[in-house]
Number of protein chains: 2
Amino acid sequence: MNAEEIRSRLKEKGLKVTPQRIAILEAFYNLNNHPTADNIIEYIRKNHPNISTATVYKVLDAFVSCGLVSRVKTERDVMRYDAITETHHHIYCSDSDCIEDYTDQELNQLLMEYFERKQIPDFTIEDLKLQIIGRFRRGKEALNTDR
Amino acid sequence: MNAEEIRSRLKEKGLKVTPQRIAILEAFYNLNNHPTADNIIEYIRKNHPNISTATVYKVLDAFVSCGLVSRVKTERDVMRYDAITETHHHIYCSDSDCIEDYTDQELNQLLMEYFERKQIPDFTIEDLKLQIIGRFRRGKEALNTDR
DNA sequence: AGTTAAAATGAGAATTATTCTCTTTTGAGA
DNA sequence: TCTCAAAAGAGAATAATTCTCATTTTAACT
């Protein structure tokens, strides 16, 4: 994902292109997984030492509003963000803060079919996200160093 | 759920029975849905005006540790708690902070069967929670005043 | 290229939820 | 009843996020 692609991503969403926004969106594509605001600040400060904290939060809000990224629900009091926009699910390690993505079209299909049969009265579903909570067995664990 | 039942709930979990803990657990059964620490504080202060904030947080942590309640993942920076311990899912209104419960044995079954077929390598599933995100249509909405 | 208005940024203060510290009190078993 | 570890209380401390407002920048329009 180069700078030009990032610019056009921003433009597509009707966002003004600023160096700060480019840096932050770039951070998403370079940081492994589900970063916190702080992860992003730390990352971008390497090359842009004077982007302010407030800006990062404001940009993140803007990105969330336009659907460029989404917030990840967690049990902790730090917000995490996700730049994957296609339907996917999350694996939450219960012995660390690691969150991994889980994408499987079959699961999506299964859920869609289920809710076609079982309507929730007066409710329109916009998204379905499965939280898969559990733990990785030792060995594999070392490979999952997402925070 | 009377005071005696609440006492024995606490004892079952090996927790010391204190008036504060009784009040807080009682609050869960009287407050509608997925309260925040603040909702609980507000509620219990009516009858126990001098329970401190720190105590409420400490008690909530204790309850979470012993599985009496669980934290609910949200996109906001307030923690919400849930006293339902059986497997269930959550309906998140995207236009309010309302979270409703969704319980259906068939869905649980469907998910279990799916993951029996599709194992996640080196991962042991402890819980599956579906986030059903969307919005209630007007009319019904007035009935869903969970914050 | 220059002008302009609206939007974005930066710096730091402010706020909010939560946690910590430390002293006092209390529950529950001996 | 006594004892002591655990729990509670008060308020300070912390951490993440939001706010304020003066300054700068973007992008559309000459």
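Chain identifiers are assigned alphabetically (A, B, ...) following the order of the sequence lines, protein sequences preceding nucleic acid strands; residue numbering begins at 1 within each chain.
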Q. Judged by atom type as modelled, is there a donor-acceptor pair below 3.5 Å linking the side chain of A:S94 to the main-chain atoms of A:G134?
A. yes

Q: Output yes when a side-chain donor or acceptor of A:R80 lies under 3.5 Å from a complementary backbone atom of A:K73, and no otherwise.
A: no

Q) So which of A:V59, A:D61, A:T53 actually passes side chain to side chain contact (heavy atoms under 4.5 Å, CB included) with A:Y57? A) A:T53

Q.
What is the separation between atom CG on B:L60 and atom P on C:dA17, rounded to the nearest whole Å?
A. 14 Å

Q: Return the 5'-most residue of the pair B:R7, A:V56 with respect to DNA chain C, ranking by each residue's nearest nucleotide.
A: A:V56

Atom pairs under 3.5 Å, N or O on each side, protein against nucleotides 18-21 of chain C: can you list them with distances?
unit_1, atom_1, unit_2, atom_2, d
C:dT18, OP1, B:M79, N, 2.7
C:dT18, OP2, B:Y57, OH, 2.4
C:dT18, O5', B:Y57, OH, 3.4

Q. What is the distance from CD1 of A:I22 to C1' of C:dT9, rounded to the nearest Å?
A. 14 Å

Q. Quick one: how far along DNA chain D does chain A reach, first to last nucleotide 5' to 3', anything under 4.0 Å to a heavy atom?
A. D:dA16 to D:dA27

**Q.** Whole-Å distance separating the CG atom of B:L10 from the C1' atom of C:dG27
**A.** 13 Å

Q: Assign the ring pair B:Y102 / A:Y114 to parallel, tilted or perpendicular, where the plane angle (0 to 90°) is split at 30° and 60°.
A: perpendicular

**Q.** Atom pair distance, as rounded to whole Å: NZ in A:K16 and P in C:dT9
**A.** 9 Å

**Q.** Any pair counted as side chain to side chain donor-acceptor pair (under 3.5 Å), so long as it reaches residues 81-91 of chain A, sequence neighbours left out
**A.** A:H34-A:H90, A:R71-A:Y81, A:D82-A:H88, A:D82-A:H90, A:H88-A:H90, A:H88-A:D101, A:H89-A:N108, A:H90-A:D101

Q | Gap separating the CD1 atom of B:I132 from the CD1 atom of B:I99, nearest 0.5 angstrom | A | 12.0 Å

Q: Report the distance from atom CD of B:Q20 to atom P of C:dT26, rounded to the nearest whole Å.
A: 9 Å

Q: Search all heavy atoms of A:M79 against all heavy atoms of B:D77 and return the closest pair with its distance.
A: CE-N, 4.5 Å

(Q) Whole angstroms only, please: what is the CD1-P distance between A:I41 and C:dA11? (A) 13 Å

Q.
Do A:Y29 and A:L31 land in one hydrophobic cluster if side-chain heavy atoms of ILVMFWY residues count as linked below 4.5 Å?
A. yes

